[in-house]
A.B. asks: 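The following block contains the structure, expressed as structure tokens.
This is a predicted model, so every value here is computed, not measured.
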Amino acid sequence: MKFSDWLLRQTARKDRIGGLAKEMAEDPNWPRTQDIGTYVRYVESHGAGPEVQEVVRQAWREWNAQCGRDRRKSKRKAARTARKRNRRN
């Protein structure tokens, strides 16, 4: 699951990550990337101070802890599939 998709599912939370998720859900220009630096620079460019930037980093850490293993498995599976495909050709 991508970070933005995970964050969108956090809108019901009653903490700062939930607040960030609500803001993100209403922002049509929210970046759709897999790079923490892009998210931090984005909120900074919109006037967010260090506290909000840290919320972005905290959300990123939570997402990575919950979904990181799944992403690594997907990458390994894709690599195996590509190797099999190359052997057939």
A.B. asks: Could you list the donor-acceptor pairs under 3.5 angstrom formed between side-chain atoms of residues 52-59 and any protein atom two or more places apart in sequence or on another chain?
C.D. replies:
| from | atom 1 | to | atom 2 | distance (Å) |
| --- | --- | --- | --- | --- |
| Q53 | NE2 | A48 | O | 3.2 |
| E54 | OE2 | R61 | NH2 | 2.7 |

A.B. asks: Give me the atom names and distance for the closest heavy-atom approach of S4 to P31.
C.D. replies: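 Smallest heavy-atom distance, with atoms named: OG-O, 3.4 Å.
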A.B. asks: Taking C-beta and beyond as the side chain, do N29 and Y42 meet within less than 4.5 Å on heavy atoms?
C.D. replies: yes
A.B. asks: Let me confirm one number: the OH-CG distance from Y39 to L20, rounded to the nearest 0.5 Å.
C.D. replies: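 If we round to the nearest 0.5 Å, Y39:OH and L20:CG are 10.5 Å apart.
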A.B. asks: Less than 4.5 Å apart, side chain to side chain, heavy atoms only: is that true for W60 and D35?
C.D. replies: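 Result no, sub-4.5 Å side-chain heavy-atom pair not found.
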A.B. asks: Grab the two heavy atoms, one from T11 and one from L8, that are nearest each other, plus how far apart they are.
C.D. replies: CG2-O, 3.3 Å
A.B. asks: Not counting sequence neighbours, which residues clear salt bridge (charged side-chain N to carboxylate O under 4.0 Å, His left out) with D5? List them please.
C.D. replies: none
A.B. asks: Using salt bridge (charged side-chain N to carboxylate O under 4.0 Å, His left out) as the criterion, list what pairs up with D27, not counting sequence neighbours.
C.D. replies: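 Salt bridge (charged side-chain N to carboxylate O under 4.0 Å, His left out) list for D27, sorted by chain: empty.
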A.B. asks: Could you grab the distance from atom CE of M24 to atom CZ of F3, nearest 0.5 Å is fine?
C.D. replies: 7.5 Å
A.B. asks: Would Q10 and W63 count as a side-chain contact (heavy atoms from CB on, under 4.5 Å) if you check the C-alpha gap in whole Å, the side-chain angles of each, and the deciding distance to 0.1 Å?
C.D. replies: CA-CA 10 Å; Q10 308 307 308; W63 165 76; over 6 Å; no
A.B. asks: Of the non-hydrogen atoms in K22 and R13, which two are nearest, and what is the gap between them?
C.D. replies: NZ-O, 3.5 Å
